[in-house]
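All residue numbers in this chain count up from 1 along the given sequence. Nothing here was measured: the structure is a model prediction, and the numbers come from that model.
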Amino acid sequence: MQPYLVFRLYGAMASWGQPAVGGDRHTGVIPSRSALLGLLGAALGIKRDDQSSLTMLQKSVQFSIKQWVSSSLLRDYHTTQVAANNNKVHYHTRKQELDMGKLATVLSNRDYRCDGIWVVAVSLTNDAMFSFKQLQQALLTPTYPLCLGRKSCPPAVPLMPTILEPCSLKQALDAPFPAITGSGKSDRYWFGCVSQHRVATYYWSGDKAAMGDIDDNVVITTQPWDEPINRQRWQFTQRTMHQVTLPVLEDE
């Protein structure tokens, strides 16, 4: 049992980056640790080149996620104009790059998740240098615009960060939020998830038994590459993450 800060993420489009190979930019089904650290960093006003503050934030928080409404996949065929390769020239701005003369085109496929809803529970480590109050206030009045993985993917509703009294991890992730439509009907109803068998998928790090009395055979353990080492050089390492899909018992 411990306190948590919980908030909800929803957007028409989100992109939770995975390791990129060639021109393809894939997305995960849930917010990556790197994306959530970036979201909190933007809210707190930490700049990308402030490595010491980013490291401080990284050592302060752990994330757990509930995928409440599964999202659909959208793939965008993407073209970008860039200056022809010249190792002797360093461009200071995008305008300068395009004004230098000969241009080339970079082709890529970029993936997005559409209409997903995720609940995020933040816990503080023993070495935390931020408080729940600081993080909550930052999410309520962010210094920089927040995005769901890419700058082109803003949140579509307020995050509604809430500090919970000590409770279990599952209780934190099951914290209620108002329906996005304001109609009083469940988000799962409006986003096409009503069925006889309602489920939600939970993701967490650390103790495999943190979700309570669950059969180990139904818990999946993976090692995603989303723990930042250096953001300026886009270097990441692996971490251990657990996930389980459970029936939704409450009548929503």
Side-chain angles (χ1 to χ4, degrees), residues 9-55 57-58 63 65 67 69-118 120 142-157 159 203 222-239 241:
L9 298 178
Y10 165 71
M13 292 170 54
S15 187
W16 311 120
Q18 291 186 324
V21 179
D24 292 332
R25 301 292 184 267
H26 299 296
T27 174
V29 296
I30 61 167
S32 63
R33 176 166 169 79
S34 174
L36 293 174
L37 288 171
L39 184 142
L40 285 183
L44 290 164
I46 302 174
K47 295 186 176 181
R48 182 181 293 275
D49 59 0
D50 188 353
Q51 189 63 44
S52 61
S53 296
L54 289 173
T55 300
L57 175 62
Q58 185 175 349
F63 302 110
I65 301 165
Q67 181 176 269
V69 172
S70 60
S71 52
S72 59
L73 180 66
L74 170 70
R75 174 160 292 180
D76 174 39
Y77 177 69
H78 193 91
T79 62
T80 305
Q81 279 192 315
V82 297
N85 187 40
N86 187 341
N87 294 331
K88 297 181 179 179
V89 179
H90 177 71
Y91 304 104
H92 296 282
T93 66
R94 172 70 170 160
K95 183 178 185 302
Q96 184 186 50
E97 179 183 18
L98 297 179
D99 287 345
M100 290 301 289
K102 186 176 180 181
L103 297 176
T105 302
V106 175
L107 307 180
S108 65
N109 290 306
R110 304 196 176 191
D111 292 347
Y112 299 87
R113 306 303 309 189
C114 300
D115 287 329
I117 301 178
W118 302 274
V120 180
T143 302
Y144 299 119
L146 304 183
C147 61
L148 306 182
R150 293 187 183 277
K151 290 183 180 179
S152 59
C153 303
V157 294
L159 274 61
Y203 302 81
T222 59
Q223 287 79 36
W225 287 81
D226 63 355
E227 185 72 58
I229 297 177
N230 187 298
R231 283 189 176 273
Q232 289 184 297
R233 296 196 294 265
W234 293 100
Q235 294 177 326
F236 302 87
T237 188
Q238 287 179 293
R239 65 183 178 92
M241 181 178 72

Undergrad: Supply the atom-to-atom distance I65 CD1 to Y203 OH, rounded to the nearest 0.5 angstrom.
TA: 8.5 Å
Undergrad: Nearest 0.5 Å, what's the OG1-CD distance between T222 and Q238?
TA: 9.5 Å
Undergrad: Mind listing the closest non-hydrogen atom pair of L54 and R48 along with its distance?
TA: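 Reported closest heavy-atom pair: CD1-O, 3.3 Å.
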Undergrad: Is any side-chain heavy atom of R150 closer than 4.5 Å to one of R110?
TA: yes
Undergrad: Can you tell me how far CG of L36 sits from CZ of F63, rounded to the nearest 0.5 angstrom?
TA: 5.0 Å
Undergrad: Check W118 against V29 and note the closest heavy-atom contact, atom names and distance.
TA: NE1-O, 3.0 Å
Undergrad: Locate the shortest heavy-atom distance separating S53 from D50; write the atom from each residue and the value.
TA: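 Heavy atoms only, the tightest pair is OG-OD2, 2.8 Å.
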Undergrad: With a 3.5 Å distance limit and no angle check, can you tell me whether S71 reaches the backbone of D115 through a side-chain donor-acceptor pair?
TA: no
Undergrad: Closest heavy-atom contact between N109 and Y77?
TA: OD1-CD1, 3.7 Å
Undergrad: Begin with the C-alpha distance, continue with both residues' side-chain angles, and end with the deciding distance and a verdict on side-chain contact (heavy atoms from CB on, under 4.5 Å) for H78 and L107.
TA: CA-CA 6 Å; H78 193 91; L107 307 180; over 6 Å; no
Undergrad: Decide yes or no on side-chain contact (heavy atoms from CB on, under 4.5 Å) for R75 and H26, but give the supporting numbers first.
TA: CA-CA 9 Å; R75 174 160 292 180; H26 299 296; 3.6 Å; yes
Undergrad: Is there a side-chain contact between L39 and L9 in this structure, where contact means two heavy atoms from C-beta onward sitting under 4.5 Å apart?
TA: yes
Undergrad: How long is the gap from CE on M13 to CG on D111, to the nearest 0.5 Å?
TA: 10.0 Å
Undergrad: Working note: S32 + F236, criterion side-chain contact (heavy atoms from CB on, under 4.5 Å); need CA distance, chi angles, decisive distance, verdict.
TA: CA-CA 11 Å; S32 63; F236 302 87; over 6 Å; no
Undergrad: Are Y144 and L44 side-chain neighbours, meaning at least one heavy-atom pair lies under 4.5 Å?
TA: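 A side-chain contact is absent here, since even the closest heavy-atom pair is not under 4.5 Å.
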Undergrad: Quick check: closest heavy atoms across L146 and P155, and the distance to 0.1 Å?
TA: O-CD, 3.2 Å
Undergrad: Any heavy-atom pair between the side chains of L37 and L57 that's under 4.5 Å?
TA: yes
Undergrad: One pair to check against side-chain contact (heavy atoms from CB on, under 4.5 Å): L40 and I46. What are the steps and the verdict?
TA: CA-CA 9 Å; L40 285 183; I46 302 174; over 6 Å; no
Undergrad: Ignoring hydrogens, what is the shortest heavy-atom contact between R33 and D226? Give both atom names and the distance.
TA: N-OD2, 2.9 Å
Undergrad: Got a second to check how far W16's CH2 is from L148's CG, nearest 0.5 Å?
TA: 4.5 Å
Undergrad: If you measure from CD on Q58 to CD on E227, what distance do you get to the nearest 0.5 Å?
TA: 4.5 Å
